[in-house]
Amino acid sequence: MNLAVVGLSHHTSSVELRERLHFAEKTLPGALMNLREQLGDAGIVILSTCNRVEIYASTEASSGEVHDAIRKFIGNWHKIPESEFSEALYEYNGRETIGHLFRVTSSLDSLVVGEAQILGQVHDAFLVAQTEQCADKVTHALFQKAFAIAKDVRSRTNISAGKVSVGSVAVDLAVSIFSDLAGKTVMVIGSGKMGEVTLRSLVSRGVDRVLLVNRSHEKAMSLAERVRGEALPLDALEENLPRADIVISSTAAPRYLLTPAQFHRALRKRGNEPFCVIDIAVPRNIDPAVKKMDNVYLYDVDDLQSVAAADLDARRQEIDQCMKRIEEGVDQFWGWLQGLVAEPTIVSLAANLHA
């Protein structure tokens, strides 16, 4: 039995590449079945977030075979030559796969170490695999152990203390640019988990006005009421854009929501007062060509890394404690897996002894 993972993350690739290799939620069932047809009787989980794309597999195939199959699948599925993404990939087997998943699920491999959202994202990815009957006995046990380790790490250490999320780091970036958010109007596009975390962080930083834009106006209104913000439908985005000093976007939209032309029109109405725009979505919500404009300062999720890195030293002791617990978990699961692999041999030997 071989456990393997092939993937890339913010550590190894640009947001542009992660965007090209992203698996939209609605495509996951088809992708899982497609890959399983190639690998045969295997357990498969596909994890695709704004900061990583990873494929985990439990299979009888050799390391080389499973890695080759996953690389080929990624290229074929996204219609991208392997040469354009292979250098950004990492490939692990056995214990390394276990340790990597435990670190990812415990948020030690996140852009913002200690953030809570990744645990839910890994759980959702596993749930899709389970629903599509692509999670075998080994992947089921592996991911259940990863969830247990992650919860243990969060309860036994202070790794998640304070404001640790991509949304809060985006707000930190806005504060570093404006020094003070008082008197500023912030437009938040998207009212999902990331948008809600971002809103809470904005309110705690004393922002005066919040414009909340979402495809579901009812959802936007519900969230806006909690933060005394103003809910706007998505089709009112452009007409209200000139009101915003800061725009933070995080939606699952498959297309750009804002383009250079829209910002040009908004700037005219603002008398060329500058925008700070932070796009924390993958795929991106804001056309990257906006970066070339005067008076529009666009930052994407990769630009948040330097802001997030500043907090790492303060968490170093907590990280060390987390790693000790993760290593214990790796030893435990590896021992269980080795026993599982040896079980048929033991049963066979016992049968021969009593023959």
Side-chain angles (χ1 to χ4, degrees), residues 3-5 7-12 43 45-56 58 90 92-130 135 138-169 172 193-194 196-198 200-201 280 301 304-305 307-338:
L3 274 175
V5 61
L8 50 78
S9 72
H10 60 286
H11 295 301
T12 65
V45 177
I46 299 176
L47 173 63
S48 186
T49 74
C50 61
N51 286 320
R52 68 184 64 250
V53 176
E54 297 180 342
I55 299 178
Y56 293 84
S58 164
Y90 41 80
Y92 302 131
N93 291 294
R95 285 183 64 101
E96 288 184 329
T97 299
I98 300 166
H100 179 75
L101 177 62
F102 289 2
R103 289 190 297 274
V104 167
T105 311
S106 300
S107 82
L108 295 195
D109 198 60
S110 296
L111 185 149
V112 182
V113 172
E115 55 94 3
Q117 190 176 17
I118 186 63
L119 177 56
Q121 291 170 328
V122 176
H123 184 272
D124 290 346
F126 172 72
L127 188 59
V128 174
Q130 191 175 42
V138 174
T139 49
H140 184 277
L142 174 65
F143 277 79
Q144 293 305 315
K145 184 67 173 180
F147 301 147
I149 293 292
K151 292 173 183 176
D152 195 34
V153 161
R154 295 180 70 80
S155 65
R156 288 172 53 176
T157 73
N158 292 317
I159 195 67
S160 58
K163 300 168 186 174
V164 285
S165 69
V166 172
S168 65
V169 172
D172 287 343
K193 292 178 183 178
M194 189 77 75
E196 188 168 354
V197 169
T198 304
R200 287 201 299 267
S201 186
I280 53 180
V301 69
L304 301 182
Q305 292 200 52
V307 181
D311 189 49
L312 272 181
D313 287 341
R315 295 177 180 274
R316 186 61 59 190
Q317 186 174 354
E318 297 301 324
I319 292 172
D320 291 343
Q321 290 184 35
C322 293
M323 285 303 301
K324 289 179 182 178
R325 179 64 190 99
I326 286 171
E327 286 303 317
E328 291 172 2
V330 171
D331 288 341
Q332 292 165 0
F333 189 83
W334 184 247
W336 173 83
L337 185 60
Q338 294 302 104

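Positions are given from 1 along the sequence. Atoms considered below: every heavy atom in the structure, side chains included; atoms not considered: hydrogens, waters and symmetry mates.
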A.B. asks: Is there a side-chain contact between Ser106 and Ile149, using heavy atoms and a 4.5 Å cut-off?
C.D. replies: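 Yes; the side chains approach each other to less than 4.5 Å.
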A.B. asks: Mind checking whether Phe143 and His123 have ring centres under 6.0 Å apart?
C.D. replies: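 Distance test on ring centres: not under 6.0 Å, no.
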A.B. asks: Do Leu101 and Val5 come close enough that some side-chain heavy atom pair is under 4.5 Å?
C.D. replies: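 They are not in contact (no side-chain heavy atoms under 4.5 Å apart), so the answer is no.
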A.B. asks: Just how far is it from atom CD of Glu115 to atom OG of Ser107, taken to the nearest 0.5 Å?
C.D. replies: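 Taking CD in Glu115 and OG in Ser107, the distance rounds to 5.5 Å.
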A.B. asks: Side chains of Asn93 and Leu3: closer than 4.5 Å at any heavy-atom pair?
C.D. replies: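 Not in contact.
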A.B. asks: Is the closest side-chain heavy-atom distance between Leu47 and Val53 below 4.5 Å?
C.D. replies: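 The answer is no; the side chains never approach within 4.5 Å.
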A.B. asks: Could you tell me whether a side-chain N or O of Thr12 sits under 3.5 Å from a main-chain N or O of Ser9, the two making a donor and an acceptor?
C.D. replies: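 Looks like yes, one N/O pair under 3.5 Å.
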A.B. asks: What are the two closest heavy atoms between Arg154 and Ala116, and how far apart are they?
C.D. replies: NH2-CB, 3.3 Å
A.B. asks: Tell me yes or no: between the side chains of Thr157 and Gln321, is some donor less than 3.5 Å from an acceptor?
C.D. replies: no
A.B. asks: With side-chain contact (heavy atoms from CB on, under 4.5 Å) as the test, would you mind laying out the steps for Val104 and Glu54 before giving the verdict?
C.D. replies: CA-CA 10 Å; Val104 167; Glu54 297 180 342; 4.1 Å; yes
A.B. asks: Give the ring-plane orientation class for Phe102 versus Phe333, where under 30° counts as parallel, over 60° as perpendicular and anything between as tilted.
C.D. replies: perpendicular
A.B. asks: Is the closest side-chain heavy-atom distance between Asp124 and Gln121 below 4.5 Å?
C.D. replies: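 Contact flag for Asp124/Gln121 side chains = no.
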A.B. asks: Can you find a heavy atom in the side chain of Ile159 that is under 4.5 Å from one in the side chain of Val153?
C.D. replies: yes
A.B. asks: Please determine whether ring-ring contact (aromatic ring centres under 6.0 Å, His included) holds for the pair His11 and Tyr90, giving the CA-CA distance in whole Å, both sets of side-chain angles, and the decisive distance to 0.1 Å.
C.D. replies: CA-CA 10 Å; His11 295 301; Tyr90 41 80; 8.4 Å; no
A.B. asks: Do you know which two heavy atoms are closest between Gly99 and Val330, and how far apart they sit?
C.D. replies: CA-CG2, 3.6 Å
A.B. asks: Less than 6.0 Å separating the ring centroids of Phe126 and His140?
C.D. replies: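 Ring centroids of Phe126 and His140 are less than 6.0 Å from each other.
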A.B. asks: Any idea which heavy atoms bring Ser58 and Thr139 closest together, and the distance?
C.D. replies: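 Closest pair (atom of Ser58, atom of Thr139, distance): CB-CG2, 3.6 Å.
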A.B. asks: Is any side-chain heavy atom of Lys151 less than 4.5 Å from a side-chain heavy atom of Leu119?
C.D. replies: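 Side-chain contact under 4.5 Å: yes.
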A.B. asks: Mind checking the CG-NE2 spacing from Leu108 to His100? Nearest 0.5 Å is all I need.
C.D. replies: 11.5 Å
A.B. asks: Arg325 and salt bridge (Lys or Arg N to Asp or Glu O under 4.0 Å): which single residue from Asp331, Asp320, Asp152 fits?
C.D. replies: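 It is Asp152; the other options fail the test.
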A.B. asks: What distance do Leu111 atom CG and Arg52 atom CZ have between them, rounded to the nearest 0.5 Å?
C.D. replies: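 Leu111 atom CG to Arg52 atom CZ measures 9.5 Å (nearest 0.5 Å).
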A.B. asks: Side-chain contact test, heavy atoms from C-beta onward, threshold under 4.5 Å: evaluate it for Arg103 versus Ile326 and give yes or no.
C.D. replies: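 Yes - at least one pair of side-chain heavy atoms lies under 4.5 Å apart.
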A.B. asks: Quick one: pull up CG in Leu337 and NZ in Lys145 and give me the separation to the nearest 0.5 Å.
C.D. replies: 13.0 Å
A.B. asks: Rounded to the nearest 0.5 Å, what separates atom CD1 in Ile118 from atom CG in Asn51?
C.D. replies: 8.0 Å
